[in-house]
Visitor: 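Can you keep this structure in mind? I'll have questions shortly.
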Amino acid sequence: MIKVRNLKKSFGDTLVLKDVNAEISKGEVISIIGPSGTGKSTFLRCLNLLEVPDSGEIQFQSKDLLADSTDISLVRQKMGMVFQAFNLFEHLTVIHNLTIAPIKLLGMSKSKAHKKAIETLKKVGLTEKADSYPDELSGGQKQRVAIARCLMMNPEVILFDEPTSALDPTMVGEVLSVIKNLAKTGMTMVIVTHEMDFARDVSDRVFYMDQGIIFENGSPEQIFESPLTIEADVFINRIKNFHYSIKSRNYDLYALNAEIVTFAERQFLNKLLIERIELVTEEIIQMYLDNSATVDAELEIAYSGKKKQLQIILNYKGSKHDVFEMSDNAISRKLLESYTDKIEYEYLGDNRIVLFVKLDHIDH
Ligand code: ADP
Ligand code: MG
């Protein structure tokens, strides 16, 4: 349905898309993942002609999109786009947000547009909000309205550019569910996302984009479990794992906990387990601060749903010293032991303590 060949795009002196090649078939769900600033948004924007590529080819339904004769508004109607920021008309009710484009651009009658809008709102679970204004809705609801608005134009493809990254973590799930349901209806979709579990779950294929190129494309299993390129491997591990530097005794415990919660929610970990992670983290850091002359440590949390394993790792500088063994705080030691299956220490130039957090009795 979409074929892209040697696509290039620069902004001034910056070559953003170096050489993008891709093929997308009808009914496929493609997730695009990769570091920020590597051209993912630019690629989507080129696809529906919000940006004009410098060179290369884009074919959509066997037509050359970059030809002078292309009807840009028709392309945008067939290739809907959902953005990070919902871009709703704040002065219009939800239903008017939905009907305005079909009436103006497709010449749909008011009554037909109204009927279709009600049906479409049903698909995103928001019929009862038809007469609300956008500012009466939560972020998740606004994004669902934006998806409904896009569906009103009967698109053949929907491009999503990080549809959940402006949302409060509690609202991510409702938007992802709507997208998942669309996938079940056979809608062709290209989704730029940081939600790795979602990408894995919903996609037929995953594109790993880096440095203005699609480095790898493959099944979710292949990309997430055995990426071929070092770049994809590094990126996927960084996203799966949480990192935090501790450079001072006055490290910000609240900020750390907030970041842990965000990370853990992204992995769909439950409340009990998140509390356990926070407790174990705080205790091991305290032991470290109590038993190290200097402060220079990296905290890492590595979760693998597949292996059913959660490791909290503290790497710290200095000569060999096992801060867990050194700790004379019996209560903290007991607590850490009760929350973990095992605690390993090794010294390989730097000190490293790995705590294997217990996952049993926690439904995650
Ligand atoms: P991603 O979506 O992967 O984070 P983008 O496609 O948004 O990446 O951006 C890639 C690069 O292009 C960035 O360095 C960004 O600053 C630059 N860029 C994007 N849009 C523009 C623009 N309209 N003008 C100038 N530079 C831009
Ligand atoms: Mg982007």
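Atoms within each ligand, like the ligands themselves, are counted from 1 in listed order.
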Visitor: Below 4.5 Å, heavy atoms only, C-beta onward: do Thr188 and Ile30 meet side chain to side chain?
Guide: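 Thr188 does not reach Ile30 side chain to side chain.
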Visitor: Centre-to-centre under 6.0 Å for Phe324 and Tyr345, is that the case here?
Guide: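 Between Tyr345 and Phe324, which both carry aromatic rings, the centre distance is not below 6.0 Å.
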Visitor: Identify the closest protein heavy atom to atom 23 (N) of ligand 1: which residue and atom is it, and at what distance?
Guide: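 Result: Phe11 CE2, 3.5 Å.
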Visitor: Cation-pi check for Tyr339 against Lys358: NZ or CZ below 6.0 Å from the six-membered ring centre and within 45 degrees of the axis, yes or no?
Guide: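 Geometry flag: not set, cation outside 6.0 Å or 45°.
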Visitor: Taking the side chain from Thr185 and the backbone from Leu182, do they hold a donor-acceptor pair closer than 3.5 Å?
Guide: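 Answer holds: yes.
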Visitor: Report yes if Gly37 has an N/O atom closer than 3.5 Å to an N/O atom of ligand 1; otherwise report no.
Guide: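 Gly37 vs ligand 1: N/O contact under 3.5 Å present.
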Visitor: Could you walk me through whether His96 and Thr93 pass side-chain hydrogen bond (donor to acceptor under 3.5 Å, both in side chains), step by step?
Guide: CA-CA 5 Å; His96 278 133; Thr93 59; 3.2 Å; yes
Visitor: Donor-acceptor pair, distance only, cut-off 3.5 Å: does the side chain of Asn97 make one with the backbone of Leu92?
Guide: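 Answer holds: yes.
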Visitor: To check your reading of the model: name the closest protein heavy atom to atom 8 (O) of ligand 1, its residue, and the distance in Å.
Guide: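 Protein heavy atom at minimum distance: Gly39 N, 3.1 Å.
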Visitor: Please report whether ligand 1 has a polar contact with Thr42, defined as an N or O pair separated by less than 3.5 Å (distance criterion only).
Guide: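 By distance alone, the answer is yes.
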Visitor: Would Glu51 count as a polar contact of ligand 1, with the cut-off being nitrogen or oxygen pairs under 3.5 Å?
Guide: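 No; every N/O pair is 3.5 Å or more apart.
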Visitor: For the Mg ion (ligand 2), decide whether Ser36 has an N, O or S atom at a distance under 2.8 Å.
Guide: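 No, Ser36 does not qualify, because none of its backbone or side-chain N, O or S atoms lies under 2.8 Å.
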Visitor: Could you list which atoms of ligand 1 come closer than 4.0 Å to a heavy atom of Ser36?
Guide: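 So the atoms of ligand 1 that pass are 4 (O).
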Visitor: By number and element, which atoms of ligand 1 are closer than 4.0 Å to a non-hydrogen atom of Thr38?
Guide: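 The list of qualifying atoms is 1 (P), 3 (O), 8 (O).
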Visitor: Once you restrict to heavy atoms under 4.0 Å, what part of Val16 touches ligand 1? Side chain, backbone, both or neither.
Guide: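 Val16 to ligand 1: side-chain contact only, backbone stays beyond 4.0 Å.
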Visitor: Would you mind listing which atoms of ligand 1 come within a distance below 4.0 Å of any non-hydrogen atom of Ser41?
Guide: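 It comes down to these atoms of ligand 1: 1 (P), 2 (O), 6 (O), 7 (O).
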Visitor: Spell out, as yes or no, whether a donor-acceptor pair under 3.5 Å connects the side chain of Arg76 to the backbone of Asn48.
Guide: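 Pair found, side chain donor or acceptor close to backbone of Asn48.
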Visitor: Is at least one protein non-hydrogen atom found at under 4.0 angstrom from atom 16 (O) of ligand 1?
Guide: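 Given the 4.0 Å cut-off, atom 16 (O) of ligand 1 does not count as touching protein heavy atoms.
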Visitor: Between Tyr347 and His321, is the gap from one ring center to the other below 6.0 Å?
Guide: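 No, they do not, as the ring centres are separated by 6.0 Å or more.
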